Amino acid sequence: MKGTTYISELKNNVSKPVTIAGWLYNSRSSGKLLFLIIRDGTGMCQCIVEKGKVGDELFGKLEHLGQESSLTISGVVRADERSVGGYELAATDAKIISPSSDYPITPKEHGTDFLMSHRHLHLRSQRPWCIGKIRHTVVDAVRRFFNDNGFILTDAPILMSMAGEDQQSLFEVDYFGRPMYLTQTGQLHIESTAMSFGKVYCFGPTFRAEKSKTRRHLTEFWMVEPEVAFIDLPGLLELAENFVSYIAKRVLEDNTKELQTLGANIDAIKKIVPPFYRLTYTEAVNILTSDKTRKFLDEQLAQFNEQKNNIEKRIAELEEQQKGKIKEWQKEKNAAELIDLRSEFAEVTTKIENNPKHARLAAEFRWGKDLGGSDETIISQMHDKPVFVTHYPKDAKAFYMKTDRSNPKVVENFDLLAPEGFGEIIGGSVREDDYNMLLQRITEDGLKPENYQWYIDLRKYGSVPHGGFGLGIERTIAWLTGERHIRQCIPFPRMMDTVYI
RNA sequence: UCCCCGAUAGCUCAAUUGGCAGAGCGGGCGGCUGUUAACCGCCAGGUCGUAGGUUCGAGCCCUACUCGGGGAGCCA
């Protein structure tokens, strides 16, 4: 709006009169003094309205203004440590643009279901706002990294004609009477553009109809996939670690405040620098079945049990207090703590239940299976930096992955596991570039070569060693921000059973 | 698809284990010139997810269903 100043610019306008335009985030009053917290998309600002400094009628209106009313406020900027953001506005005038009443999202806690079904409003709240800013940085860093390193953006189609590897996990759409599928990956298509430009990437939404109901899954998510001609596995790993480190660096640079607000582990993000740990699948299996892992899990279980006992003790203590005669405010504080404790209790109980299952799965792990979610979690928990796991068994992996010529039982692929138990954020591989071997893998997997004719064709006309990987944007954001569920990391999440709005 | 948990005021949750349905926040009114999820006083607000059953009596016990959460498999 003409003549208005963004809250992010207040620091450059100290002692000057400005007008800000925004929404009322929260208001408090103390007699003849009002504290209005205004948000405008760039930040928050506390406006102080003194009775006498503005007209009585306006003061009365502002005093009863509902949360999320839109308005402009004019006043003089001053620095004050007591204010959010460090600056505040001594109001001299205000204009209410559109009053709001009974805003559903109050300054108290709400449940996920309620917030998600009010997602159109929830996005105005502080946590989604911080995550949204970080998502913007991550996406910008993704594009910046590839654009600055000689990659060409080549978009893959969203509607695919090929059924791909796993028809069950595809969304089918009716395309003028014949079936088509929403893309699961752009990889096959950009292998062909890589043969034109050398280094390419695609970045867009991806759709998976997997029946996965976990905190790490969305049915619609964003994935960036680079594909490079003339690259080998060590080259791919180097590319991936530089890429992920760059994203982490940019988020640290641009979003320290947001990370702090979210309570993210900033020291852990600072550790995300090359080189990352490198394990082969075989080494990972040896670790999983080792005494070291058994001890690690035992210790973890002991820790969980101790946590559980402490929580139980505290709950009993508080419940005892609640029965006795105590001050009203203490009672309320206790009640709030009890709610937190009970949810922590439920969480640690689940961990205790899962620990022996995971321990058994790890101990009984036999070479040849794909690593399960819990196995990845264990490996990831044992490291403080991202870990590459490479060279998985051929039988557990997709047909397009290149067979390791020095060990035909494995393929030249890798997963990148984020540390501290977060798990997989990247999957990638060198692609099979030999015409006959690719054909053989396709038939071995029970697929029809005629469905992949153009893809096989790429191996006919100047085939070269090449490869790439896919990085999940929401998983990356969840990992960096410490958000436990990736549905918070996309504005409008689509999950297996639930599409809120 | 399988296993576990839950559903009480607009929201977040209590209800001494079967005996009169409560608190905070939010809303309304009033008080307070430096509040930080402000505080203090008063007021309004309920078909206890749905259907059935047990019982003198059910928010609580039993059965089925609906919806939601967490986890497993699979994956980014």
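Quick caveat, the model's predicted, so the values are computed rather than measured. All chains are named by letter (A, B, ...) in the order of the sequence lines, taking the proteins before the strands, and each is independently numbered beginning at 1. The basis for the numbers below is simple: all heavy atoms, side chains too, and nothing from hydrogens, waters or symmetry mates.
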Indicate every side-chain donor-acceptor pair of residues 388-399 of chain A with a distance under 3.5 Å to a residue at least two apart or in another chain.
from	atom 1	to	atom 2	distance (Å)
A/Thr390	OG1	A/Leu279	O	3.4
A/Tyr392	OH	A/Asp415	OD2	3.2
A/Lys394	NZ	A/Pro408	O	3.2

Task: Under 4.0 Å protein heavy-atom contact, by nucleotide of nucleotides 6-15 of chain B - B base, S sugar-phosphate only - done: -----SSSS-

Please confirm whether the shortest side-chain N or O distance from [X] to OP1 or OP2 of [N] is below 4.0 Å.
X        : N      : value
A/Lys32  : B/rC32 : yes
A/His358 : B/rG71 : no
A/Arg487 : B/rG69 : yes

TODO: Say whether A/Thr106 and A/His110, considering side chains only, have a donor N or O and an acceptor N or O under 3.5 Å apart.
DONE: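 Checked: A/Thr106/A/His110 side chains pair up, N/O donor to acceptor below 3.5 Å.
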
Task: Where the chi angle of B/rU50 falls, syn if within 90° of 0 and anti if not - done: anti

Task: Positions of residues 115-126 of chain A (non-hydrogen atom under 4.0 Å from RNA chain B), listed by number - done: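 Result for residues 115-126 of chain A: none.
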
Task: Residues in contact with RNA chain B, drawn from residues 420-430 of chain A - heavy-atom cutoff 4.0 Å - done: A/Glu424, A/Ile425, A/Ile426, A/Gly427

Open item on the list: Taking ring-ring contact (aromatic ring centres under 6.0 Å, His included) as the criterion, tell me which of A/Phe221, A/Phe151, A/Trp222 meets it with A/Phe203.
Closed with: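 Considering A/Phe221, A/Phe151, A/Trp222, a ring-ring contact (aromatic ring centres under 6.0 Å, His included) with A/Phe203 is found only for A/Trp222.
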
TODO: Kindly say whether, by distance alone, the side chain of A/Glu81 makes a donor-acceptor pair under 3.5 Å with the base of B/rG34?
DONE: no

Open item on the list: Check this for me: does the side-chain of A/Arg484 come within 3.5 Å of the base of B/rG69 through a donor and an acceptor?
Closed with: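 No.
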
Can you give the donor-acceptor pairs under 3.5 Å from side chains of residues 360-374 of chain A to other protein atoms, not counting sequence neighbours?
from	atom 1	to	atom 2	distance (Å)
A/Trp367	NE1	A/Thr282	OG1	3.0

TODO: Treating a pair as Watson-Crick (purine N1 to pyrimidine N3 plus N6-O4 or O6-N4) or G-U wobble (N1-O2 and O6-N3) with both distances under 3.5 Å, list the stems of 3 or more consecutive pairs that involve RNA chain B.
DONE: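 In RNA chain B, stems of three or more pairs: B:1-7 with B:66-72, B:10-13 with B:22-25, B:27-31 with B:39-43, B:49-53 with B:61-65.
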
